[in-house]
Amino acid sequence: KMGGKLSIDKKAMIHEQLVYYCRYGQIDNLFTLYGENPDIDLSYNEEEAFRVACEAGEIEVIRQLRIWNPNMNIGAQNYLGFCIAICYGHEEVIKQLFAWNLSLDPMRFVNLSFCEKTIELLKDIASRRKKIDWLYKVISNDLECPICQDIPGDIIKTPCNHYFCQKCISTWYEMNQSCPNCREKL
């Protein structure tokens with residue numbers, strides 16, 4: 001140590017060990033390394049340790065890195081960790097990364113995979129997100145149909161992004177081909 005800080009050579013050596021342990025899923029060695037060097041820069045070289053763990057499909061390593069560094073930039077280098085995990089078809093890693101980044105559109109990555117199973121996983125994540133978004137919008141509208149002012153049963157979303165009971169909007173549509181809220185043509 002020099003002046004209370006690790007020397008550059010020592011930092012480089014520790015970082016190389018970190019990357020090696022991440023690549024090969026050596027979680028016990030990671031704990032030892034981190035325990036002996038709690039000031040190690042886990043984000044060094046634009047999250048290299050994280051990206052290497054994504055490439056190797058080492059989900060437990062990825063989760064541990066996130067615990068130690070909750071502010072880790074999982075989108076570093078234009079979401080390279082995501083891209084690598086998708087290219088290699090590491091399903092658990094893909095699911096975890098998208099769970100940590102809810103604003104990222106999974107469909108943006110579909111062309112990276114040649115594996116039909118991975119493509120279907122990305123489509124499934126996108127579909128689930130749409131359902132979650134839809135439920136959030138319904139909840140934020142107090143779960144009330146604007147027509148009957150009751151809790152909707154089967155919910156329909158109009159092209160203008162309003163929600164109604166299927167029965168209510170179907171009855172409305174028979175007499176009016178416009179949205180009851182904004183009057184946009186349906």
Side-chain angles (χ1 to χ4, degrees), residues 1-140:
K1 288 193 173 190
M2 294 171 31
K5 298 209 179 214
L6 294 173
S7 71
I8 293 173
D9 290 341
K10 175 86 172 168
K11 280 184 179 180
M13 184 186 75
I14 291 170
H15 180 72
E16 289 302 315
Q17 284 180 299
L18 171 70
V19 169
Y20 180 87
Y21 296 154
C22 289
R23 176 172 281 122
Y24 296 104
Q26 296 181 5
I27 195 89
D28 292 338
N29 289 339
L30 269 177
F31 274 100
T32 301
L33 182 67
Y34 188 74
E36 293 172 355
N37 304 282
D39 59 343
I40 188 172
D41 182 2
L42 298 171
S43 295
Y44 179 78
N45 198 14
E46 296 188 66
E47 310 292 353
E48 182 180 18
F50 164 74
R51 286 183 281 124
V52 164
C54 287
E55 179 180 354
E58 294 295 342
I59 187 65
E60 293 308 316
V61 170
I62 292 166
R63 288 180 177 146
Q64 190 57 52
L65 290 171
R66 179 73 178 218
I67 289 168
W68 288 332
N69 185 7
N71 298 319
M72 177 173 59
N73 180 6
I74 62 174
Q77 290 192 334
N78 200 21
Y79 295 97
L80 187 57
F82 285 76
C83 297
I84 292 168
I86 290 166
C87 287
Y88 283 95
H90 297 309
E91 291 184 30
E92 289 304 311
V93 174
I94 294 166
K95 289 177 192 176
Q96 183 65 74
L97 295 178
F98 281 105
W100 284 337
N101 191 331
L102 295 175
S103 64
L104 191 61
D105 180 12
M107 299 311 290
R108 155 183 181 179
F109 298 94
V110 168
N111 64 341
L112 294 175
S113 179
F114 298 106
C115 172
E116 190 61 37
K117 190 174 181 182
T118 303
I119 291 169
E120 289 306 312
L121 173 64
L122 293 170
K123 289 178 180 177
D124 182 57
I125 292 169
S127 172
R128 288 172 193 249
R129 288 212 177 146
K130 286 179 184 172
K131 289 176 185 172
I132 291 168
D133 181 51
W134 171 76
L135 285 172
Y136 173 76
K137 288 179 180 174
V138 171
I139 290 168
S140 67

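Owing to the predicted nature of the structure, the values given are computational and were not obtained by experimental measurement.
- The distance from the CG atom of Asn71 to the CG atom of Leu42 is 11.5 Å, given to the nearest 0.5 Å.
- The structure places CZ of Phe50 at 10.5 Å from SG of Cys22, a figure rounded to the nearest 0.5 Å.
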Pair Phe98-Leu121, side-chain contact (heavy atoms from CB on, under 4.5 Å): steps then yes or no: CA-CA 11 Å; Phe98 281 105; Leu121 173 64; over 6 Å; no
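- For the pair Ile94/Ile125, a side-chain contact is recorded, criterion being any heavy-atom separation below 4.5 Å from C-beta on.
- For the atom pair Thr32 OG1 and Ile27 CD1, the distance stands at 10.5 Å (nearest 0.5 Å).
- A distance of 10.0 Å separates CE in Met107 from OG in Ser127, rounded to the nearest 0.5 Å.
- Among all heavy-atom pairs drawn from Pro106 and Ala126, the shortest one is CG-N, 3.8 Å.
- Taken from CD in Glu58 to CZ in Arg23, the straight-line distance is 11.0 Å, to the nearest 0.5 Å.
- Using a 4.5 Å heavy-atom threshold, the side chains of Leu65 and Asn69 count as separate.
- Counting heavy-atom neighbours within 6.0 Å of Tyr34 OH, excluding the residue itself, gives a total above 12.
- Side-chain atoms of Gln96 and Arg66, non-hydrogen and from C-beta on, never get closer than 4.5 Å to each other.
- Counting heavy atoms from C-beta on, the side chains of Lys117 and Glu120 never come closer than 4.5 Å.
- Heavy-atom minimum distance, Val93 versus Ala85: CG1-CB, 3.7 Å.
- In this structure a side-chain-to-backbone donor-acceptor pair under 3.5 Å is missing from Asn101 to Leu97.
- Of all heavy-atom pairs spanning Leu112 and Cys83, the tightest one is CD1-SG, 3.5 Å.
- Side-chain contact between Tyr20 and Leu33 is absent, with no heavy-atom pair separated by less than 4.5 Å.
- Looking only at side-chain heavy atoms (C-beta outward), Tyr21 and Val61 stay at 4.5 Å or farther from each other.
- With respect to Arg63 and Glu60, a salt bridge is recorded, a charged nitrogen being found less than 4.0 Å from a carboxylate O.
- No side-chain heavy atom of Gln77 sits under 4.5 Å from any side-chain heavy atom of Glu47.
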Derivation and outcome, side-chain contact (heavy atoms from CB on, under 4.5 Å), residues Leu30 and Gln64: CA-CA 9 Å; Leu30 269 177; Gln64 190 57 52; 5.7 Å; no
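- To the nearest 0.5 Å, the span separating CD on Gln17 from CD1 on Ile40 amounts to 8.0 Å.
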Verdict with supporting geometry, Arg51 and Glu46, salt bridge (Lys or Arg N to Asp or Glu O under 4.0 Å): CA-CA 9 Å; Arg51 286 183 281 124; Glu46 296 188 66; over 6 Å; no
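- Lys11 has its side chain out of reach of Tyr44: every pair of non-hydrogen atoms, C-beta onward, lies at least 4.5 Å apart.
- Salt-bridge annotation for Lys95 and Glu92: present, with a side-chain N of the basic residue lying under 4.0 Å from a carboxylate O of the acidic one.
- The aromatic rings of Phe82 and Phe109 lie parallel to each other, their planes meeting at an angle below 30°, with 60° marking the opposite boundary.
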